[in-house]
Amino acid sequence: MIFDGVKFLILPNASTAALQFITKLIEDNGGHVIERMSEVHGKILVLVNDSYVTEDYKLRDEKYFRKEFQLDYDAVWQFIFDHDLPCLNVSSVSDWIAKGELNVAHIALIDTSALENDETQENFPSSSANSEQPSPACTAEMKDTKTSHSESETDIEGFVEMSPSSNSPMPAPSVIPDPPVIKANEKYVRLTEIPRMNSQLIDAMQRLYKKYDIKGDHFRSRGYKLAKASIEKCPFQIKSGEQAQLELANIGPSIAKKIQTILASGTLPGLDDSSELDQRLEYFTNCHGIGTHTAKRWLALQYTSFTDVLRGSPQEFVSGWPSLLGWSYFEDWSRKISRTECEKHLSVVKQCLSEIDPDCQVELQGSYNRGSQTCGDIDLLFFKENCDNLVVIAEIFERLVSLLHSRGYIQCILQLTPDLFDEFKSKLKGIFDKCELPFPAKNHFGNDRHIHKYYLGVKLTKHQYRSEELLRAGQYLHLKPCDNFMSSSSKKSENPCRRLDFFCCKWSELGAARIQWTGSGEFNRWIRLRAAKMGYKLTQHGLFKGGQKLESFDEGVIFDTLDVPRIPPEEREQGLWMTKLNEKNTVA
DNA sequence: TGGCAGCGCAC
DNA sequence: GTGCGC
DNA sequence: GCCA
């Protein structure tokens, strides 16, 4: 068998469902997967969970990677570095099995030099003068161009037999001078040349999802979304539609047939010709506040741009004034946000919050909390110890928004209280004037004194933060030229405007609220459906049975009651918690 | 064949 | 009640 | 779309 006598070490651990599947594959083919530190010696092939490997083949999320480590982190890396062990993607296993040979040379190796950057990103001087001269920050962006590729040859097929070397001094990976990276023979290829497993199928599902999503066919689009997640999670190469339907969750006869068509012909008819109509629909729905219903209605009226709507049905933007802001920030709000920028936003908000009520707490939720490298928006949850009175929080919110606005941080608000209207009036009027709409009376803009959530547009100054080159150059949506006159999106040199959400909860409902706002949306639907099947109801206010609240403060107890493991936020991304594979494993 | 999460806010 | 967003 |  192809893995006879070969020992594998799976990092950071082999405990997820997909990795247990891989473990079984390895052992079915004569290999062994290491479980204890005492086994860390001799010939070892190191496999790294694909979700910790970036596209350019570096290690990502070192914090979580370390946290998830099953064995002794330092000792393992010491051993890997000492013996120049090759590190590969876990997904290589299915390639080997498919090819029937263990050929390391054709597989890209993982560049572990990312570990060198441990904790040292974001080193802009916080108090450096804002002069015209090139600041240290600029040069900092150009660091890290050194090549750490070792020249030495490694005979991968015949790793040297080594004795266990566990108790030597163990420098942290960050100080190891020359980690064993990207070295193999000339046949070495970069990951980017190796298509991601089943990427064609994943791409097709994504497009079908999008297609029905913009059409408003909610449930059908969800079907494709779940199918996509299943395929992404699938650790082996899908060979037929039938196989996919048999072995993966959320793949039924219709998708199986489509998979078969793609595998056989390389394309799916009707996939690429995303119709003119669909594209127009998508343009509108990309604007905050415009959903499929409104987009369809506009399309039926022959509108193809926001300017068309403004001319033909100006009332649309008067009653739906938040979409006027969606239009203005169309481009900025489609840009991704780095984790470090999210953290900067938190600190700005925290600073003002402490001036208003030092007892009120705030924390990042959403995709940031799930460990995403980039976020679409920033979600903040506010609460106050032992405070179940939301009026108190609403008042804090109002003062906080006012303070943040006065400091130039808040660009716009999508909900208004009467008091905040007065503060934002001139800004709003400016936008109405720009498109020559009549400015409505005050009571048009929200009459509630207390609101418990705010959707804001916010911007950090250059002094507070500078986006990384890559993110600044990243892809984002563009307005049609005729719509551009309304754009308030950032100029090249500024930071983009960001979407910032404020949520709040009663202290007694903190756990349930954290589940809700940490998401993902798919995870919420899954766990709420599960609750419903068990006769419970789960909302942001708590877990209920027969109208009676069972638990709302302790997240863990909610998971326990629903008989699911206490899934950490990083595993609440779609596809990472429940599939057929997972079910099999939990049943077994 | 019916169900697919559940809620707040604006209109 | 519907549309939208989370 | 998929699933019970």
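Below, chain A is the first sequence line, B the second, and so on; all start at residue 1.
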Legend entry - Stretch residues 255-265 of chain A: residues that reach within less than 4.0 Å of DNA chain D through a heavy atom: A/Ile255, A/Lys258
Inset, instruction - Select one nucleotide: of B/dC9, B/dC11, D/dG1, the one nearest the side-chain heavy atoms of A/Trp321. - result: B/dC11
Inset, instruction - Find the distance A/Asn447:CG to B/dA10:P and express it as a whole number of Å. - result: 9 Å
Inset, instruction - Could you check whether A/Pro322 gets within reach of a base, just the sugar-phosphate, or nothing at all, counting any heavy atom under 4.0 Å? - result: nothing
Legend entry - Ring center gap for A/Phe424 and A/Phe445 short of 6.0 angstrom: no
Legend entry - Interatomic distance at C1', C/dC4 relative to B/dA5, whole Å: 16 Å
Inset, instruction - Describe the nucleic acid contact of A/Arg525 in one word from base, sugar-phosphate, nothing, applying a heavy-atom distance below 4.0 Å. - result: base
Inset, instruction - Have a look at A/Phe219 and say if it touches a base, only the backbone sugar-phosphate, or nothing, with a 4.0 Å heavy-atom cut-off. - result: base
Inset, instruction - Name the closest nucleotide to the A/Ser254 side chain, picking from D/dC2, B/dA5, B/dC9. - result: D/dC2
Legend entry - Side-chain heavy atoms of A/Tyr209 within contact of A/Gln206, under 4.5 Å: yes
Legend entry - Interatomic distance, A/Ile515 CD1 vs B/dA5 P [rounded to whole Å]: 16 Å
Inset, instruction - Taking only heavy atoms on the protein side, list every residue of residues 532-552 of chain A lying under 4.0 Å from any atom of DNA chain D, sorted numerically. - result: none
Legend entry - Between P of D/dG1 and CG of A/Leu268, the distance in whole Å: 10 Å
Legend entry - By side chain to side chain donor-acceptor pair (under 3.5 Å) - contacts of A/Ser520 (at least two apart): none
Legend entry - Atom pair distance, as rounded to whole Å: CD in A/Glu509 and C1' in B/dC7: 12 Å
Legend entry - Nucleotide nearest A/Gln415 when distance is taken to its side chain, options D/dC3, B/dA10, B/dC4: B/dA10
Might you list the N or O atoms of the protein lying below 3.5 Å from N or O atoms in nucleotides 2-6 of chain C, with each pair's distance?
| unit_1 | atom_1 | unit_2 | atom_2 | d |
| --- | --- | --- | --- | --- |
| C/dG3 | OP1 | A/His293 | ND1 | 2.7 |
| C/dG3 | OP1 | A/His293 | NE2 | 3.1 |
| C/dC4 | OP1 | A/Gly291 | N | 3.0 |
| C/dC4 | OP1 | A/Thr294 | N | 3.0 |
| C/dC4 | OP1 | A/Thr294 | OG1 | 2.2 |
| C/dC4 | OP2 | A/His293 | N | 3.1 |
| C/dG5 | OP1 | A/Gly289 | N | 2.6 |
| C/dG5 | OP1 | A/Ile290 | N | 3.4 |
| C/dC6 | OP1 | A/Arg499 | NH2 | 2.7 |

Legend entry - Flag for A/Trp517-A/Gln540: side-chain donor and acceptor within less than 3.5 Å: no
Inset, instruction - Return no unless some side-chain N or O of A/Arg528 is found under 4.0 Å from OP1 or OP2 of B/dA5. - result: no
Inset, instruction - May I ask you to say what A/Tyr212 touches in the nucleic acid, namely base, sugar-phosphate or nothing, with a heavy-atom cut-off under 4.0 Å? - result: sugar-phosphate
Legend entry - Residues in side chain to side chain donor-acceptor pair (under 3.5 Å) contact with A/Lys442, at least two apart in sequence or another chain: A/Asp422
Inset, instruction - Establish, yes or no, whether a centroid distance under 6.0 Å links the rings of A/Tyr212 and A/Tyr224. - result: yes
Legend entry - Protein-nucleotide distance (A/Leu246, atom CG; D/dC3, atom P), rounded to Å: 12 Å
Inset, instruction - Specify the separation, in whole Å, of atom NE2 of A/His450 and atom C1' of B/dG8. - result: 16 Å
Inset, instruction - Could you tell me whether the side chain of A/Leu456 reaches within less than 4.5 Å of the side chain of A/Leu414, counting heavy atoms only? - result: no
Legend entry - N/O donor-acceptor pair under 3.5 Å between A/Ser354 side chain and A/Gln351 backbone: yes
Inset, instruction - Measure up the A/Phe330 and A/Tyr283 rings against each other and bin them: parallel (under 30°), tilted (30 to 60°), perpendicular (over 60°). - result: tilted
Inset, instruction - Report yes if the side chains of A/Asp377 and A/Trp333 come closer than 4.5 Å at any heavy-atom pair, otherwise no. - result: no
Inset, instruction - Answer with yes or no after comparing the ring centroid distance for A/Phe382 and A/Phe397 against a 6.0 Å cut-off, counting only values under it. - result: yes
Inset, instruction - Could you state the atom-to-atom distance from CD of A/Glu522 to P of B/dG6 in whole Å? - result: 14 Å
Please tabulate, one pair per line, all N/O donor-acceptor pairs under 3.5 Å involving side-chain atoms of residues 553-561 of chain A, not counting sequence neighbours.
| unit_1 | atom_1 | unit_2 | atom_2 | d |
| --- | --- | --- | --- | --- |
| A/Asp554 | OD1 | A/Gly556 | N | 2.8 |
| A/Asp554 | OD1 | A/Val557 | N | 3.3 |
| A/Glu555 | OE2 | A/Arg572 | NH1 | 3.3 |
| A/Glu555 | OE2 | A/Arg572 | NH2 | 2.9 |
| A/Asp560 | OD1 | A/Arg566 | NE | 3.1 |
| A/Asp560 | OD2 | A/Arg566 | NE | 3.4 |
| A/Asp560 | OD2 | A/Arg566 | NH2 | 2.5 |
| A/Thr561 | OG1 | A/Val557 | O | 2.6 |

Legend entry - Interatomic distance, A/Ile251 CD1 vs D/dC3 P [rounded to whole Å]: 9 Å
